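Provided herewith is a single structure, encoded as C-alpha cells, for subsequent inquiry.
All values reported here derive from a predicted model rather than from experimental measurement. No hydrogens, no waters, no symmetry mates; every other heavy atom, side chains included, goes into these values. By convention here, the first residue in the shown sequence is residue 1.
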Amino acid sequence: MKKLVLFLLFAALSFAAEAQSQSFRFGYFSYQEALKAMPGYTIAQRHLDELKTKYDAETKRAEDEFNKKYEEFLDGQRDFAPSIRNKRQAELMDLMARNVAFKAEAKRLMDKATMDAYAPLKAQLTATVQRIGRDKGYAFVLNTDNDTTPYINPMLGDDISVAVREAVTR
C-alpha cells in the first residue's frame with residue numbers, strides 16, 4: 001500500500017510538472033535590436049543627430065563668446081575703475097548663468113525629442129510583441145537587453161527575435 005501511494009504521488013507530481021511546463025511558455029528577445037531594425041529608427045536617429053549638432057554648435061558659440069569676454073576682462077581688469085570691473089564681472093556671471101541654463105534646457109529638449117521620436121516606434125514594437133505573445137500563447141515575453149536575464153531555459157522559452165524583427169520591418 002505504501003508503495004502504491006508513493007507511486008501515485010510520484011506520478012501526480014510528474015504529471016503536474018509536465019502539464020505546467022507544457023502550458024507555461026514564454027518568449028524572449030532583444031528590445032534594442034528589434035527597435036534598431038525598424039525602418040523608422042534610422043530616420044528618427046538622423047533627425048536627433050541633426051538636432052544635437054545644432055544644440056552643440058550653439059553651446060560652442062556661447063562658450064566661445066564667454067571665453068572671449070573673460071579673456072578681455074582678465075586683460076583689462078587692472079585698468080578698469082572699480083565700478084566698471086564690477087559691472088563686467090556681473091555681465092560675465094550673467095552670461096555664465098545663461099549658458100548653464102541653456103545647456104540644461106538643451107538637454108531637456110533633447111530628452112523630450114528623443115522620447116517623441118521613438119514613441120511611435122516603441123508603440124508599434126510593443127503592439128507587435130503583444131500580438132506575437134498572444135498568438136503563441138505565451139505567459140509573458142522577456143526583454144534580454146542589459147544582461148537582465150543571464151539564463152533562459154530553452155525548453156520553456158522561445159527566442160522570438162526573428163519573428164519580432166520580421167514583423168516590425170514589413
Side-chain angles (χ1 to χ4, degrees), residues 1-64 66 96-170:
M1 182 72 169
K2 200 174 193 181
K3 287 183 181 182
L4 180 61
V5 171
L6 284 175
F7 174 75
L8 290 175
L9 180 62
F10 178 76
L13 288 174
S14 296
F15 179 76
E18 185 176 325
Q20 183 179 5
S21 70
Q22 287 177 351
S23 64
F24 184 74
R25 302 279 308 160
F26 63 91
Y28 58 93
F29 77 112
S30 168
Y31 191 92
Q32 286 301 316
E33 285 180 25
L35 185 66
K36 289 177 182 177
M38 297 177 79
Y41 181 84
T42 304
I43 295 166
Q45 190 61 48
R46 190 173 332 126
H47 170 71
L48 291 170
D49 289 345
E50 289 170 2
L51 187 59
K52 184 176 181 334
T53 299
K54 290 175 184 177
Y55 281 127
D56 289 347
E58 179 59 22
T59 299
K60 173 94 171 86
R61 188 204 61 76
E63 287 174 354
D64 290 346
F66 175 81
M96 185 175 12
R98 283 187 283 141
N99 288 349
V100 169
F102 175 77
K103 283 182 185 179
E105 181 67 3
K107 181 182 178 344
R108 187 190 69 76
L109 291 172
M110 276 302 301
D111 291 346
K112 183 179 180 336
T114 301
M115 285 178 40
D116 292 347
Y118 293 136
L121 299 173
K122 288 181 176 186
Q124 179 187 354
L125 182 54
T126 297
T128 300
V129 170
Q130 289 174 349
R131 182 183 46 77
I132 290 171
R134 193 172 37 255
D135 291 350
K136 296 199 179 225
Y138 294 138
F140 54 87
V141 175
L142 294 173
N143 176 0
T144 59
D145 290 344
N146 301 322
D147 298 324
T148 55
T149 50
Y151 173 73
I152 296 175
N153 185 337
M155 300 296 288
L156 299 175
D158 300 323
D159 184 351
I160 62 168
S161 299
V162 173
V164 171
R165 229 180 353 263
E166 288 175 356
V168 296
T169 58
R170 285 187 225 157

So how far is it from Lys36 NZ to Leu121 CG, rounded to the nearest 0.5 Å?
13.0 Å
List in chain and number order the residues that pass ring-ring contact (aromatic ring centres under 6.0 Å, His included) with Phe140, two or more places apart in sequence or in another chain; answer none if no residue qualifies.
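With sequence neighbours excluded, Phe140 shows a ring-ring contact (aromatic ring centres under 6.0 Å, His included) to Phe24, Phe26, given in chain and number order.
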Scan the side chains in residues 126-133 for donor-acceptor partners under 3.5 Å anywhere in the protein, sequence neighbours excluded, and list what turns up.
residue, atom, partner, partner atom, Å
Thr126, OG1, Lys122, O, 2.9
Thr128, OG1, Gln124, O, 2.9

What pair of heavy atoms forms the shortest contact from Ile160 to Gly27, and how long is it?
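Of all heavy-atom pairs spanning Ile160 and Gly27, the closest is CG2-CA, 4.3 Å.
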Donor-acceptor pairs under 3.5 angstrom involving side-chain atoms of residues 142-156: please list them, not counting sequence neighbours.
residue, atom, partner, partner atom, Å
Asn143, OD1, Tyr31, N, 3.3
Asn143, OD1, Asp145, N, 3.0
Thr144, OG1, Phe29, O, 3.2
Asp145, OD1, Ser30, OG, 2.5
Asp145, OD2, Tyr31, N, 3.3
Asp145, OD2, Gln32, N, 2.7
Thr148, OG1, Asn143, O, 2.9
Thr148, OG1, Asp145, O, 3.0
Asn153, OD1, Met155, N, 2.8

Leu35 versus Met38: any side-chain heavy-atom pair under 4.5 Å?
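They are in contact (side-chain heavy atoms under 4.5 Å apart), so the answer is yes.
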Salt-bridged, Glu58 to Arg61, with N to O below 4.0 Å?
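Looking at Arg61 together with Glu58, the answer is yes, because their closest N to O distance falls below 4.0 Å.
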Minimum-distance pair of heavy atoms, taken over all atoms of Ala34 and Val168
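So the minimum-distance heavy-atom pair works out to O-CG2, 4.0 Å.
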Name all residues meeting the ring-ring contact (aromatic ring centres under 6.0 Å, His included) criterion together with Tyr41; count only those two or more places apart in sequence or in a different chain, and write none if there are none.
Tyr118
With side chains defined as the heavy atoms from C-beta onward, is the minimum distance between Arg25 and Lys136 less than 4.5 Å?
no
Going by the rule salt bridge (charged side-chain N to carboxylate O under 4.0 Å, His left out), which residues pair with Asp49 if we only count those two or more places apart in sequence or in a different chain?
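Partners of Asp49 under the salt bridge (charged side-chain N to carboxylate O under 4.0 Å, His left out) test: none.
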Can you give me the closest heavy-atom contact between Ala37 and Arg165, atom names plus distance?
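Looks like CB-CG, 3.4 Å.
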Residue pair Lys60, Asp56: steps toward the salt bridge (charged side-chain N to carboxylate O under 4.0 Å, His left out) verdict
CA-CA 6 Å; Lys60 173 94 171 86; Asp56 289 347; over 6 Å; no
Quick one: CG on Asp64 to OG1 on Thr59, what's the gap to the nearest 0.5 Å?
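Here the rounded value is 10.5 Å.
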What's the verdict on side chain to side chain contact (heavy atoms under 4.5 Å, CB included) for Val141 and Tyr28, showing C-alpha distance, side-chain angles and the deciding distance?
CA-CA 5 Å; Val141 175; Tyr28 58 93; 5.7 Å; no
Please, which pairs that meet salt bridge (Lys or Arg N to Asp or Glu O under 4.0 Å) have at least one residue in residues 106-119, sequence neighbours excluded?
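Checked against salt bridge (Lys or Arg N to Asp or Glu O under 4.0 Å) - neighbours excluded - the pairs reaching residues 106-119 are Glu105-Arg108, Lys107-Asp111, Lys112-Asp116.
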